[in-house]
2 protein chains.
Amino acid sequence: MGFAENFKALSDPVRREILVLLKKGRLSAGEIGSHFDMTGATISYHLNILKKAELIFENREKNYIYYELNTSVVEEVMLWLAQLKGENNDAEKE
Amino acid sequence: MGFAENFKALSDPVRREILVLLKKGRLSAGEIGSHFDMTGATISYHLNILKKAELIFENREKNYIYYELNTSVVEEVMLWLAQLKGENNDAEKE
DNA sequence: TCTGTATTTAGATATTTTTCTAAATATTAT
DNA sequence: ATAATATTTAGAAAAATATCTAAATACAGA
């Protein structure tokens, strides 16, 4: 909730890579973890940060927890950046 | 240079506010500092991080150092995010 | 119910980041 | 050259973040 969390979540390379992995489709926590040289606990920590920022959401199924990308928040961040790029140049008014 | 630096630079609320201030036009380090309840040294630290990420550039003039927004890097970050939003949905091919 | 697998939580440690104070540098003006 | 102002740099302290190990939880299958 809030930009602060979104940007913080995006600021870590591991978390960005997780998002890229999820671009191709949902993955379980374990599958995500197998892409990194880190303990499952650490991956869980990162997933939780992404979840709190609503960049991903989870889906419990059987013995697994699947994670999926939530693109709507990505959009919000882009909007903030777009405004920054926006009407900053004195020359091009309005 | 590189996404890591860009995202890290954007992850701090003080630095984001500095960028927003610069949207309206260039400001000296002192003018930027006066918007925050922090020492000049701390502001200088943040400006340096933004500078290294090439989100701003400086312009020395007289006794002052003026800072300006560099929107081209903002664009790069947006591009990364756009790709994340991109072809992630199984349904909408291509 | 017991065992095994997937994942998270708790607590500790290590690393990184943010902030401060004090000193250094640079530039202007007298 | 000296004094004043603007800003940065250095070094230390405080705060936040990332990582690990070990234990806890949740669920599935025998």
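For the numbers below, each heavy atom of this structure counts, side chains included, while hydrogens, waters and symmetry mates do not. Reminder, nothing fancy here: chain letters follow the sequence lines and each chain counts from 1.
- OP1 or OP2 of D:dT19 sits under 4.0 Å from a side-chain N or O of A:His46.
- At a threshold of 4.0 angstrom between heavy atoms, the contacts of A:Ile49 are confined to the sugar-phosphate backbone, with no base atom among them.
- Each of C:dT18, C:dA6, D:dT21 was ranked by its minimum atom distance to the side chain of A:Tyr64; first place goes to C:dA6.
- Computed from coordinates, the B:Leu27 CG to D:dA6 P distance equals 15 Å when rounded to whole Å.
- Considering A:Ile49, A:Val73, A:Val77 in turn, A:Val73 is the only one that fulfils the side chain to side chain contact (heavy atoms under 4.5 Å, CB included) rule with A:Leu55.
- Taking the side chain as every heavy atom from C-beta outward, A:Ile32 and A:Leu22 approach each other to under 4.5 Å.
- The CD-C1' distance, from B:Glu61 to D:dA6, rounds to 14 Å in whole Å.
- Not one N or O on the side chain of A:Arg15 forms a donor-acceptor pair closer than 3.5 Å with the backbone of A:His46.
- Atom-to-atom distance recorded for B:Phe3:CZ and B:Asn6:CG is 6.5 Å, nearest 0.5 angstrom.
- OP1 or OP2 of C:dT7 lies within a sub-4.0 Å distance of a side-chain N or O belonging to A:Ser28.
- Of all nucleotides listed (D:dA18, C:dT18, C:dA26), C:dA26 comes nearest to the side chain of B:Asn63.
- The side chain of B:Tyr45 sits closest to C:dT19 out of C:dT19, D:dA26, D:dG29.
- Rounded to an integer number of Å, the gap from A:Ile18 CD1 to C:dT7 C1' is 14 Å.
- Regarding contacts with the backbone of C:dT18, a side-chain N or O of B:Arg15 is found under 4.0 angstrom from either OP1 or OP2.
- Take the nearest nucleotide of DNA chain D for B:Asn48 and for A:Ser11: the residue whose nucleotide is more 5' is B:Asn48.
- With C:dT8, C:dT7, D:dT9 as the candidates, the nucleotide lying closest to the side chain of A:Leu47 is C:dT8.
- For A:Thr42 and D:dC20, the shortest distance from a side-chain N or O to OP1 or OP2 is below 4.0 Å.
- In this structure, B:Lys62 atom NZ and D:dT5 atom C1' are separated by 11 Å, rounded to whole Å.
- Remark: A:Thr39 is in phosphate contact with D:dC20, judged by side-chain N or O atoms under 4.0 Å from OP1 or OP2.
- For the pair A:Tyr67 and C:dT8, the criterion of a side-chain N or O lying under 4.0 Å from OP1 or OP2 is met.
- The pair A:Lys85-B:Glu75 counts as a salt bridge, with a side-chain nitrogen and a carboxylate oxygen less than 4.0 angstrom apart.
- Protein atom CZ of B:Phe7 is 17 Å distant from nucleotide atom P of D:dT17, rounded to whole Å.
- Ranking D:dT19, C:dC20, C:dT9 by closeness to the B:Met38 side chain, first place goes to C:dC20.
- Counting any heavy atom pair closer than 4.0 Å across all strands shown, B:Gly40 reaches a base atom.
- In the set C:dT17, C:dT19, C:dA29, C:dT19 carries the atom at the smallest distance from any side-chain atom of B:Val14.
- When the nucleotides C:dA29, C:dT9, D:dT8 are ranked by their closest atom to the side chain of B:Ala29, D:dT8 comes out on top.
- Checking each of A:Glu31, A:Glu61, A:Glu58 against A:Arg26 for a salt bridge (charged side-chain N to carboxylate O under 4.0 Å, His left out) leaves exactly one that passes, namely A:Glu61.
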